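First comes the structure, then the notes that go with it.
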Amino acid sequence: MNVVLSKSALENVSKHKYSGIDDSILAKLVLQKYWNFCLRFVPLNIAPNLITLTGTITILLSFFIVGYYSPYLEGTLPTWVYAMSGLTLFFYQTMDNLDGKQARRTGSSSPLGQLFDHGCDSIVCTLQSLIVASVASYGVGYMSLIQLFTTALLPFWMATWEEYHTGVLHLGPINGPDEGIVIIVLALLSTAVFGNSFWTYQPFVASSSSSSSSSSLLPRVIQQLLPEFIQRLMINEIIVASLSLPCLITCFFNIKHVVQHLRAKGKPILPALKHILVWVIITASSFIWYYTSTNLLPLSSIWFNNIRTVQFSIGIIFGELVSRLILAHMCHEKYDIIQAPLYPLILSTICSSFNYFNGKEIIPENLLLILFAITSFVHYSLFVKSTISQLCSYLNIKCFTITKKH
């Protein structure tokens with residue numbers, strides 16, 4: 001829905017100055033030089049937000065192309081699709097870093113630019129997570145959900161939450177936007193070269209005989225001692241589990257930084273920690289919806305037949321929640337835990353649970369999905385339109401063109 005910003009909120013936004021620290025090792029050694037080189041080819045009349053939008057649209061196109069060939073997050077894709085997914089992600093990362101440099105170069109930096117940039121980034125998190133899920137053949141099981149919420153949405157939420165309380169967006173020596181994206185790009189391009197069978201390889205499977213053609217990373221004696229569920233693990237599952245750990249460690253440091261900052265300022269800590277409940281609510285609701293739907297309808301669940309639509313809609317909700325948190329930081333306003341963007345997800349989860357406990361599909365799932373997707377998209381669109389309109393009007397700027405200063 002439309003967000004009406006008060007006069008004091010708009011005044012605070014106009015005084016807002018972005019503060020970010022990027023300690024990335026790779027960025028300092030290589031990427032910054034590459035980005036500065038690319039900046040030389042960007043005309044001075046190109047608005048920073050237009051650069052941001054270009055990168056985002058590229059990922060959106062990649063998302064739809066990959067989805068055409070892999071609607072259920074599995075199967076072998078054409079080689080060119082793997083290559084495209086890697087190149088578009090690298091292009092997006094380039095655009096995501098050129099926009100800020102272009103803003104500083106042209107003197108067009110604004111709070112709207114920060115909000116637009118990070119708002120697009122929050123949407124790309126879900127899009128790229130689904131792209132990777134297709135490339136790595138996750139299938140429609142639990143794995144794509146775990147990857148989305150633990151390696152994409154959680155770190156993004158916690159970094160934004162830390163910025164809300166400390167005033168600084170701090171990226172560590174090894175972080176997702178720099179090293180993380182480069183690693184994903186290399187993985188996608190490697191899949192184009194070597195194929196995607198690697199992702200579903202089971203390195204710990206115990207051969208039933210010495211003549212088995214399957215290879216393993218461990219001696220057969222050790223393999224047979226492993227629990228069956230470990231023997232069945234595929235490379236893609238191992239990678240998702242491995243990436244979840246450093247993400248959780250990063251979140252620990254996000255919390256540590258906020259606690260240290262609040263203690264230094266003599267402010268209470270518990271109210272700040274409550275904001276993490278927003279991620280808990282969106283994650284718990286999604287997993288409950290997934291569980292109730294797939295157990296009641298194991299053959300026709302929307303989480304199986306339309307998994308990309310469901311997750312994309314959840315990503316839209318997350319994008320709005322993140323944007324509202326950034327806006328609250330700029331406006332110096334409090335951030336409520338339960339907000340309107342969460343309502344469609346919570347209500348959908350309640351409806352699915354109602355069906356589950358009654359043992360039959362009383363509320364049609366396809367209808368539920370249509371209403372959920374449309375409501376999420378329309379709600380977010382109205383928020384974006386209203387916020388951009390108000391900020392452009394008050395700051396006397398345009399979103400996609402550089403306003404000449406008199």
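We count residues from 1, following the sequence as given. Side chains are part of it too, since the values below use all heavy atoms of this structure and drop only hydrogens, waters and symmetry mates. Please read these numbers as outputs of a predicted model, since none were measured by experiment.
- The aromatic rings of Phe312 and Phe64 stand perpendicular to each other, their planes meeting at an angle above 60°, with 30° marking the opposite boundary.
- With a 4.5 Å cut-off on side-chain heavy atoms, Gln128 and Leu89 count as touching.
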_Quick one, Ser301 with Thr294, criterion side chain to side chain donor-acceptor pair (under 3.5 Å). Give me CA distance, side-chain angles, the key distance, then yes/no._
CA-CA 5 Å; Ser301 169; Thr294 57; 5.5 Å; no
*Would you sort out whether Ser352 and Thr292 count as a side chain to side chain donor-acceptor pair (under 3.5 Å), showing the intermediate values?*
CA-CA 6 Å; Ser352 182; Thr292 54; 2.6 Å; yes
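- Proximity of Asn254 to Trp157: side-chain heavy atoms (C-beta onward) are nowhere separated by under 4.5 Å.
- Expressed to the nearest 0.5 Å, how far CG of Asp99 lies from OG1 of Thr54 amounts to 10.0 Å.
- Tyr394 meets the ring-ring contact (aromatic ring centres under 6.0 Å, His included) test with no other residue; sequence neighbours excluded.
- Under the ring-ring contact (aromatic ring centres under 6.0 Å, His included) criterion, Tyr356 pairs with Tyr291, sequence neighbours left out.
- Two rings, from Phe318 and Phe149, have their centers 6.0 Å or more apart.
- The minimum heavy-atom distance linking Phe383 with Leu327 is given by the pair CE1-CD2, 4.4 Å.
- Gln311 and Thr126 are not linked by any side-chain donor-acceptor pair at a separation below 3.5 angstrom, with hydrogens and angles left out of the test.
- Ion pairing of Arg324 with Glu320 is present here, as a side-chain N (NZ or NE/NH1/NH2) and a carboxylate O approach within less than 4.0 Å.
- Side-chain contact, Arg105 with Gln102: a donor N or O sits under 3.5 Å from an acceptor N or O.
- Aromatic ring orientation, His165 versus Trp161: perpendicular (interplanar angle above 60°, classes split at 30° and 60°).
- No side-chain N or O of Tyr69 forms a donor-acceptor pair with one of Ser134 less than 3.5 Å apart.
- In this structure the side chain of Tyr18 never reaches within 4.5 angstrom of the side chain of Asp117, judged on heavy atoms.
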_Tyr34 vs Thr94, test: side chain to side chain donor-acceptor pair (under 3.5 Å). Steps then yes/no._
CA-CA 9 Å; Tyr34 161 70; Thr94 302; 3.0 Å; yes
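- By the 4.5 Å heavy-atom criterion applied to side chains, Gln93 and Trp35 are counted as neighbours.
- Using cut-offs of 30° and 60° for the angle between ring planes, the Phe304 and Tyr290 rings count as perpendicular.
- Side chains of Leu171 and Pro177 form a contact here, defined as non-hydrogen atoms less than 4.5 Å apart.
- In summary, of the residues considered (Leu60, Ile316, Val322), a side chain to side chain contact (heavy atoms under 4.5 Å, CB included) with Ile123 occurs for Ile316 alone.
- Residues Val258 and Glu162 come closest through the heavy atom pair CG2-CA, 3.6 Å.
- Scanning for ring-ring contact (aromatic ring centres under 6.0 Å, His included) contacts around Tyr138 gives an empty result, with sequence neighbours left out.
- Leu130 and Arg308 get closest at one heavy-atom pair: CD1-O, 3.9 Å.
- Among all heavy-atom pairs drawn from Ile288 and Thr349, the shortest one is CG2-CG2, 3.6 Å.
- Leu371 approaches Thr375 most closely through the heavy-atom pair O-OG1, 2.6 Å.
- Ile374 places none of its side-chain heavy atoms less than 4.5 Å from the side chain of Ser313.
- Residues Met330 and Ile326 are in side-chain contact: their nearest non-hydrogen atoms beyond the backbone lie under 4.5 Å apart.
- For the pair Met84 and Val66, the minimum side-chain heavy-atom distance is below 4.5 Å.
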